[in-house]
Amino acid sequence: QLQFVDSGGGLVQAGGSLRLSCAASGFTLDYYAIGWFRQAPGKEREGVSCISSSDGSTYYVDSVKGRFTISRDNAKNTVYLQMNSLKPENTAVYYCAASSADRTKKYGSELMSASDFGSWGQGTQVTVSS
């Protein structure tokens with residue numbers, strides 16, 4: 001069974017940093033594109049970033065470009081999301097998920113949709129105070 005454990009969230013002041021981790025079990029990450037999504041109260045789930053399974057190419061939603069960095073360590077079967085210069089509007093539950101259909105290079109011209117992904121983590125809360 002494919003499972004993720006999301007961790008690394010917490011409470012941080014605006015301008016601070018957090019590193020989220022997404023540890024996989026039951027499968028090898030190598031063959032999957034991995035995405036990070038977030039969902040704030042009363043809002044729809046939003047695709048934040050994605051990293052390709054094949055060539056390491058990445059996608060970021062415009063609002064986080066230059067501040068967030070996604071990376072993967074296949075040896076540790078883990079994907080990370082480094083979040084710098086955090087803003088109160090980044091407050092949300094963050095989830096990682098896997099996609100066997102690697103659409104990383106298409107995101108930007110098309111929406112990074114949650115329907116492209118399966119095997120979701122349980123989520124980790126990120127709260128940014130002003």
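Throughout, residue positions are numbered sequentially from 1 according to the sequence presented.
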Query - Joint cluster assignment, Ile51 & Tyr31, ILVMFWY side-chain distance < 4.5 Å - result: yes
Report task. Check the side chains of Asp102 and Ser52 for a donor-acceptor pair under 3.5 angstrom, ignoring hydrogens and angles. Result -> yes
Query raised in the report: Are Trp120 and Phe37 close enough that their ring centres sit under 6.0 Å apart?
Result: yes
Query raised in the report: If you take all heavy atoms of Thr104 and Cys50, which pair is closest and at what distance?
Result: OG1-SG, 3.3 Å
**Report entry** Asp6 side chain vs Tyr95 backbone, donor-acceptor pair below 3.5 Å
**Finding:** no
Report task. Would you check if Phe68 and Ser49 make a side-chain contact, meaning some heavy-atom pair closer than 4.5 Å? Result -> no
Query - Inter-residue atom distance Ser53.OG - Arg72.CZ, 0.5 Å rounding - result: 6.5 Å
Query raised in the report: If you group Ile, Leu, Val, Met, Phe, Trp and Tyr by side-chain heavy-atom gaps below 4.5 Å, do Tyr80 and Met112 land in one group?
Result: no
Query raised in the report: Taking Arg103 for the side chain and Glu110 for the main chain, is one N or O donor matched with an acceptor at less than 3.5 Å?
Result: no
Query raised in the report: So, for Gly56 and Thr58, which heavy atoms are closest and what is the spacing to 0.1 Å?
Result: O-CG2, 3.4 Å
Report summary line: Here the pair of heavy atoms bringing Pro88 nearest to Ala14 is CD-CB, 4.1 Å
Query - Side chain Asn77, main chain Phe27, donor-acceptor under 3.5 Å - result: yes
Query raised in the report: Is it true that a side-chain atom of Tyr59 and a backbone atom of Lys106 form a donor plus acceptor pair closer than 3.5 Å?
Result: no
Query - Gap separating the OG atom of Ser63 from the CD atom of Glu89, nearest 0.5 angstrom - result: 8.5 Å
Requested in this report: Look at the side-chain heavy atoms of Ile, Leu, Val, Met, Phe, Trp and Tyr, link any pair under 4.5 Å apart, and say whether Val48 and Val128 land in one connected group.
Outcome: yes
Report task. Give me the one residue out of Val93, Thr91, Val64 that meets side-chain contact (heavy atoms from CB on, under 4.5 Å) with Arg38. Result -> Val64
**Report entry** Any side-chain heavy-atom pair of Leu29 and Phe4 under 4.5 Å
**Finding:** yes
Report task. Starting at NZ of Lys87, measure out to OG of Ser130 and round the result to the nearest 0.5 Å. Result -> 14.0 Å
Query raised in the report: Quick one: do Leu81 and Leu86 end up in the same hydrophobic cluster if we chain Ile, Leu, Val, Met, Phe, Trp and Tyr together by side-chain heavy atoms under 4.5 Å apart?
Result: yes
Query raised in the report: Between atom CG of Asn74 and atom OG1 of Thr28, what is the distance when rounded to the nearest 0.5 Å?
Result: 9.0 Å
Query raised in the report: Between Arg67, Met83, Gln82, which is the residue that forms a side-chain contact (heavy atoms from CB on, under 4.5 Å) with Ser17?
Result: Gln82
**Report entry** Heavy-atom closest pair, residues Ser21 and Thr78
**Finding:** CB-CG2, 4.3 Å
Query raised in the report: Sub-3.5 Å donor-acceptor pair from the side chain of Gln39 to the main-chain atoms of Ala92, do we have one?
Result: no
Report task. Taking the six-membered ring for Trp and the single ring otherwise, decide whether the centroids of Tyr32 and Phe117 are under 6.0 Å apart. Result -> no
